[in-house]
Peer 1: 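Handing you a structure now.
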Amino acid sequence: VQLQACGGGLVQAGGSLRLSCAASGRIYSSSVMAWFRQDPGKEREFVAAIRWGVGLTYYADSVKGRFTISRSTAENTVYLQMNSLKPEDTATYLCARGTSPEKNSGAYYNWGQGTLVTVSS
């Protein structure tokens, strides 16, 4: 299954963006879909995850209350609604598929390409 992320762009602080990650095939109910972000030279940072079958969500403390992860099982797509964006949210955002909502990127075995989010102050 290939993952295709899109929706990044340039936005002012306080603004919003919605990222999408579409899977080329079916995502099984036992899967977990997640968003990570990465700055050049830094490790990937967990942002949010969702259990595909039941829709349980998990968030990093840094985005809790501002970001919302959701999914469309019919379209095999996971979303990340980002509100109240801050300059420190600037990063390349990547979607990933795994089997457990881990914060460790090594737990995920299927990655999409990134989409760049730039938040200006």
Peer 1: S70: what forms a side chain to side chain contact (heavy atoms under 4.5 Å, CB included) with it, not counting sequence neighbours?
Peer 2: Y79
Peer 1: Is I50 isolated, or which residues cluster with it under the ILVMFWY side-chain rule of less than 4.5 Å, directly or via members?
Peer 2: V1, L3, V11, L17, L19, I27, M33, W35, V47, W52, Y59, V63, F67, I69, V78, L80, M82, L85, Y93, V117, V119
Peer 1: Considering all heavy atoms of both residues, which atom of T92 and which atom of G114 are nearest to each other, and what is their separation?
Peer 2: CG2-CA, 3.5 Å
Peer 1: Keeping to residues at least two apart or across chains, list the side chain to side chain donor-acceptor pair (under 3.5 Å) pairs with something in residues 104-121.
Peer 2: R97-N110
Peer 1: Sequence neighbours excluded, which residues qualify as side chain to side chain contact (heavy atoms under 4.5 Å, CB included) partners of S100?
Peer 2: E102
Peer 1: Show the nearest heavy-atom pair for residues S20 and T77, with the distance to one decimal.
Peer 2: CB-CG2, 4.3 Å
Peer 1: Roughly how far, to the nearest 0.5 Å, is CZ of F36 from NZ of K103?
Peer 2: 10.5 Å
Peer 1: If you link I, L, V, M, F, W and Y whenever their side-chain heavy atoms are under 4.5 Å apart, who else ends up in the same group as L116?
Peer 2: none
Peer 1: Can you list every side chain to side chain donor-acceptor pair (under 3.5 Å) pair that touches residues 2-17, not counting sequence neighbours?
Peer 2: S16-N83
Peer 1: Which residues satisfy the salt bridge (Lys or Arg N to Asp or Glu O under 4.0 Å) test with E75, sequence neighbours excluded?
Peer 2: none
Peer 1: Among residues two or more places apart or on two chains, list those pairs meeting disulfide bond (SG atoms under 2.5 Å apart) that have a residue in residues 11-111.
Peer 2: C21-C95
Peer 1: Can you tell me how far apart CD (Q38) and CD (E45) are? Round to the nearest 0.5 Å.
Peer 2: 10.5 Å
Peer 1: Go through the structure and list residues passing side chain to side chain donor-acceptor pair (under 3.5 Å) with K42, not counting sequence neighbours.
Peer 2: none
Peer 1: Go through the structure and list residues passing side chain to side chain contact (heavy atoms under 4.5 Å, CB included) with K86, not counting sequence neighbours.
Peer 2: R66, E88, D89
Peer 1: Can you tell me how far CG of L94 sits from CZ of R44, rounded to the nearest 0.5 angstrom?
Peer 2: 5.0 Å
Peer 1: So which pairs with a foot in residues 31-69 pass disulfide bond (SG atoms under 2.5 Å apart), sequence neighbours left out?
Peer 2: none
